[in-house]
Amino acid sequence: YNVKNLATALKRNEMATVFFFSIPGPKMIWQFGELGYDLSINRCVDGQVRDCRLDRKPILWGYQNQSNRVSLSDVYAKMIDLKVNHDLWETEDFGLDVTGPLKTINLNSATQNAVAIGNFDVTSASTTVDFQHDGVWYDVFGSDSITVSNGSYTFNMEPGAYHLFLDDKSDVISSITSLEEIGISINVFPNPAIDVLNVSLSSDKGQELTIQIIDIQGRQIGEKRMVDMNKSEVKEVLDIVNLASGYYFLSVSTGVAAGTYPFFVE
């Protein structure tokens, strides 16, 4: 088990992401952190690593074609959805047990509770975790549920393994399913773009999609566009001639799934 192995490192980043977003408070991430950006913040334009923190960094679009990086991005999406849309993630009633390699976070509210568990060690380990109450708890990142009795549950965890349990199944996220999971594929081009942005969508069943452009500060740019996927392939052309040079995101969503696709305007 080598934490310097890329696949292992990205999987451990998933675990760290669950803990990062489960601790209440504002968050900031480094460029393409949700895809495991692995170039130093001090990288210079000549490729060397010196005191070049403010230099431009390369945009590694190929990350989005690597399944283990996309998996990390999906974890970010789920945790951000929870943090933005669910009151539990604004609670001031929480407990941290994070001093050892087996870490837990308990989030508490009057209507819902959560428990995050992760093995940050490089070997397997067993741990007994305290839960807020007995009963059935549902894993956000898996199809399994557990039944807690006597206030605790014992886990045998491989290195890098993690769980996030909620006690309310209705909030084990339907809104953050990826578009790919429901049979929708999207291609955004050219990238970088100048005057227009092409969006090619394909689906194996009819869907109504909402498309909008978001700037790096999270603000909606222009009007939302509704797309009726009444045929297997649809192409949309977005006019971006009035957009200033910089980074943007194309947000695509249905009632049950969403995806965000970064692009650059020259």
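With sequence neighbours excluded, no residue forms a ring pair (Phe, Tyr, Trp, His ring centres under 6.0 Å) with F94. Residues passing the side-chain contact (heavy atoms from CB on, under 4.5 Å) test with T260 are F249, sequence neighbours excluded. Listed by chain and number, the residues in a side chain to side chain donor-acceptor pair (under 3.5 Å) with D121 amount to none (sequence neighbours excluded). Listed by chain and number, the residues in a side chain to side chain donor-acceptor pair (under 3.5 Å) with Y63 are D38 (sequence neighbours excluded).
Counted within 6.0 Å of CG on D87, heavy atoms from surrounding residues, nucleotides or ligands total 12 or fewer; the atom is thus considered open. Shown here is E92, whose CD atom has no more than 12 heavy atoms of other residues, nucleotides or ligands within 6.0 Å.
Side-chain N/O atoms of S124 and E158 include a donor and acceptor closer than 3.5 Å.
Pairs engaging residues 54-142 under the disulfide bond (SG atoms under 2.5 Å apart) rule: none recorded [sequence neighbours left out]. Listed by first then second residue, pairs satisfying side-chain hydrogen bond (donor to acceptor under 3.5 Å, both in side chains) with a partner in residues 26-36 read Q31-Y37, not counting sequence neighbours. Legend: salt bridge (charged side-chain N to carboxylate O under 4.0 Å, His left out) pairs involving residues 39-67, not counting sequence neighbours, sorted by first then second residue: D46-R50.
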Is there a side chain to side chain donor-acceptor pair (under 3.5 Å) between S253 and T210 once you walk through the steps?
-> CA-CA 5 Å; S253 61; T210 301; 4.5 Å; no
Take I59 and F32 through the side chain to side chain contact (heavy atoms under 4.5 Å, CB included) test and state the conclusion after the steps.
-> CA-CA 8 Å; I59 307 170; F32 290 104; 3.7 Å; yes
Might you work through the side chain to side chain donor-acceptor pair (under 3.5 Å) test for N108 and Q132, ending with a clear yes or no?
-> CA-CA 8 Å; N108 313 302; Q132 290 89 324; 2.7 Å; yes
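The other residues sharing a hydrophobic cluster with V237 are V196, where clustering joins ILVMFWY side chains under 4.5 Å apart. Applying the under-4.5 Å side-chain rule to Ile, Leu, Val, Met, Phe, Trp and Tyr, the cluster around V122 extends to Y1, V3. In this structure, V70 stands alone, with no Ile, Leu, Val, Met, Phe, Trp or Tyr side-chain heavy atom under 4.5 Å from its own, directly or through other members. Membership of the apolar cluster around W137 extends to V115, I117, V129, F131, I146, V148, Y153, F155, M157, F165, as traced through chained side-chain contacts below 4.5 Å between ILVMFWY residues.
Contact record, D134 with G151: OD1-N, 2.7 Å, taken as the closest heavy-atom pair. Across all non-hydrogen atoms, the minimal contact from D228 to V234 is O-CG2, 4.3 Å.
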For a quick test of your reading: what N or O donor-acceptor pairs under 3.5 Å do the side chains of residues 17-24 make, sequence neighbours left out?
from: T17; atom 1: OG1; to: N13; atom 2: O; distance (Å): 2.7
from: S22; atom 1: OG; to: V18; atom 2: O; distance (Å): 2.6

